[in-house]
Amino acid sequence: MDSSQDFAADAIVVGSGLAGLVATYELQKAGKKVLVVDQENRKNLGGQAFWSLGGLFMVDTPEQRRLGIHDSEELALNDWMGSAGFDRDDEDYWGRQWARAYVHFAATEKRGYLHDLGLRITPIVGWAERGGGSADGHGNSVPRFHLTWGTGPEVTRIFVEPVLDAERRGLVKFAFRHRVDDLVVDAGTVVGVRGSVLAPSDTERGVESSREVVGDFEFRAPQTIVTTGGIGHNHELVRANWPVDRLGPVPEHMIAGVPAYVDGRMLGIAEAAGANLVNRDRMWHYTEGIHNWDPIWPDHAIRIIPGPSSLWLDANGERLAAPNFPGFDTNSTMKAILATGYDYSWFILTQSIIEKEFALSGSEQNPDITEKDLKVTAKSRLAKGAPGPIQAFLDHGEDFVTAPTLAGLVAKMNAISRGPTLDLTQIERVVSARDAQLDNKFSKDAQLMAVTNARQYLGDKIVRVAKPHRLTDPKHGPMIAVRLNILTRKTLGGIQTNLDSQVIGAGGSPVPGLYAAGEVAGFGGGGVHGYNALEGTFLGGCIFSGRAAGRAAARQA
């Protein structure tokens, strides 16, 4: 008999990722008993957030002010709304309200809430998703990407530790390897969960586990909170919901930026129990994906988080037009790439650029910051040469090629091309035109103007943006090319919820007993980001919506 059957829970939390941990933390803090149900084993506590870089969107912080950044809640909300582009009366109703509430949280309570739990951030604020070039359109007007000292594992640790302490005190119980297949509904109220017990597994974190069923279960509680993430590794579901009219043809070749358990199953299960699913076509996938040379999960992808200097070419060798520069407008770049009829593109850069501008997403790709080793971090980030994880991709990654000359580089690019043969004369023309704009400190080249603008920000000039130089200059060589693939990551739509994270039913009223938080709820409201994300917003969305769910369920329990 599963001992969880005898645990008189006040609430069931489905999923032990970040949103689930936050909800559980808030519930146990209120003295409530919580049963946490997850299809993976204990080693996967923290879920997808553990693998993250740990970036947090925050507004008007001491870190920003020390760097001379003038930010405000008003400016951030203007950026958010311009990026979101909310245009659906019913589906965006709660998303708009979540957006205002989340930006307010990011400008007020967020830093203190996390600081009190022990989280610290690095002094350099990153400038992510710089936008499409319009003051009232998409993008961050100022740097807001606050990097956690300790990356994703630290973001999860500050919630894991109090939850595990609550487990020792008898307030929290875990049911690992329990896969929820249905929500139990009684007279219109969700009263629990039922599903399949999976075979025991001792696989390491992130490794795909067995789906062998060895039993079944049913757990009941007055409140149920769904926090199971999105659809990022379910490429069949990604393709089924792909917005062809907005982003272009469905990519044939996709790699996964999330583990295999990010399967989206609970979306359909919640819908069957009466939940309203909205904005299914809104997704946030990346165009700078590379195949992991040392994979943990199937089709394991890593995202390059680039500085602004690399020359971006489509599969035909044509330069992408403004604002499709590295780190500026994710969805616009996705559309431009797929419009060619191919699902990959190219960076051309130099050793000088890769040393200063390339960062890799993921806690495991940033061991110096993840392990909170200041000396190693300083040596890795400021020393000559590419940081170790990036050098490993240069040495072993199937998407990287290097050569001392452009002719040699193009030949190697053609050797790994999945599409048309690149014409050296065409590439020379594009590179020469770009390089000719460097004879003066000013330029008509929009990308080089963006680089100059970036270097006005002290954080970028010191650690993030290389001094402009010719790509063919041997002093900055060798030349490097990277084949960039489509990387699946985030679901921006999902279960519609009100500001208490209560699930909204098809009729517009809350479904009694049911809550949703994190990515499964579009990080709040079924789509707090609208069509575009400002980065550093995903972990924060899990925290904010998980906190709302836990506090509201505690009041009702």
Side-chain angles (χ1 to χ4, degrees), residues 18-19 22-23 26 56-60 72-110 113 136-138 140 144 223 225-227 230 267 270-271 274-284 490-512 514-556:
L18 180 59
V22 176
E26 291 290 344
L56 295 163
F57 174 95
M58 289 191 279
V59 178
D60 193 23
S72 68
E73 182 176 340
E74 180 182 15
L75 180 63
L77 184 60
N78 183 69
D79 286 348
W80 193 289
M81 292 303 188
S83 299
F86 293 122
D87 59 1
R88 297 170 179 173
D89 291 342
D90 294 332
E91 293 187 71
D92 286 335
Y93 175 79
W94 286 108
R96 288 186 177 94
Q97 297 189 52
W98 272 91
R100 293 186 181 92
Y102 179 68
V103 172
H104 180 69
F105 175 65
T108 54
E109 296 180 72
K110 184 177 182 180
Y113 177 74
D136 59 355
H138 171 53
N140 284 295
R144 297 190 177 107
Q223 317 292 329
I225 306 175
V226 175
T227 67
L267 287 164
E271 186 177 32
N276 193 26
L277 263 58
V278 295
N279 301 312
R280 302 177 201 229
D281 62 320
R282 292 181 184 169
M283 311 175 190
W284 193 249
K490 301 294 182 183
T491 312
L492 298 189
I495 300 171
Q496 194 171 41
T497 59
N498 64 19
L499 288 176
D500 282 333
S501 289
Q502 292 176 296
V503 171
I504 302 300
S509 299
V511 177
L514 185 61
Y515 302 78
E519 192 174 349
V520 75
F523 301 89
V528 66
H529 299 95
Y531 290 99
N532 292 284
L534 289 175
E535 296 293 357
T537 56
F538 301 127
L539 295 178
C542 289
I543 292 166
F544 187 52
S545 60
R547 188 180 82 149
R551 291 181 176 184
R555 291 194 298 268
Q556 294 294 324

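All heavy atoms count here, side chains included; hydrogens, waters and symmetry mates do not.
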Within 6.0 Å of CG in Asp87, more than 12 heavy atoms from elsewhere: yes
Residues, nucleotides or ligands: over 12 heavy atoms within 6.0 Å of Glu271 CD: yes
Grab the two heavy atoms, one from [X] and one from [Y], that are nearest each other, plus how far apart they are.
{"X": "Trp80", "Y": "Val528", "value": "NE1-O, 2.9 Å"}
{"X": "Gly494", "Y": "Leu267", "value": "CA-CD2, 4.0 Å"}
{"X": "Leu514", "Y": "Val226", "value": "CD1-CG2, 3.9 Å"}
{"X": "Asn279", "Y": "Gly527", "value": "ND2-CA, 4.3 Å"}
{"X": "Tyr531", "Y": "Leu492", "value": "O-CD1, 3.9 Å"}
{"X": "Ala270", "Y": "Ile495", "value": "CB-CD1, 3.6 Å"}

Electrostatic pair Glu26:Arg551 at N-O distance under 4.0 angstrom: yes
Carboxylate-amine/guanidinium contact Glu91 Arg282, below 4.0 Å: no
Flag side-chain contact, heavy atom, 4.5 Å: Val59 against His104: no
Contact check, side chains of Arg144 and Asp79, non-hydrogen atoms, under 4.5 Å: yes
How long is the span from the [atom1] atom in [X] to the [atom2] atom in [Y], to the nearest 0.5 Å?
{"X": "Phe544", "Y": "Leu499", "atom1": "CZ", "atom2": "CG", "result": "7.0 Å"}
{"X": "Phe105", "Y": "Arg547", "atom1": "CZ", "atom2": "CZ", "result": "4.5 Å"}
{"X": "Glu519", "Y": "Trp284", "atom1": "CD", "atom2": "CH2", "result": "13.5 Å"}
{"X": "Leu77", "Y": "Arg100", "atom1": "CG", "atom2": "CZ", "result": "6.5 Å"}
{"X": "Asp136", "Y": "Met81", "atom1": "CG", "atom2": "CE", "result": "13.5 Å"}

Treating [X] as the side-chain partner and [Y] as the backbone partner, does any N or O pair qualify as donor plus acceptor under 3.5 Å?
{"X": "Lys110", "Y": "Phe57", "result": "yes"}
{"X": "Trp98", "Y": "Gly541", "result": "no"}
{"X": "Asn498", "Y": "Asp500", "result": "yes"}
{"X": "Ser545", "Y": "Gly518", "result": "yes"}
{"X": "Gln496", "Y": "Gly526", "result": "no"}
{"X": "Asp92", "Y": "Arg96", "result": "no"}
{"X": "Glu535", "Y": "Asn140", "result": "no"}

Geometric class of the Phe523/Phe538 ring pair [parallel <30°, tilted 30-60°, perpendicular >60°]: tilted
Ile504/Tyr93 under side-chain contact (heavy atoms from CB on, under 4.5 Å): CA gap, chis, key distance, verdict: CA-CA 11 Å; Ile504 302 300; Tyr93 175 79; over 6 Å; no
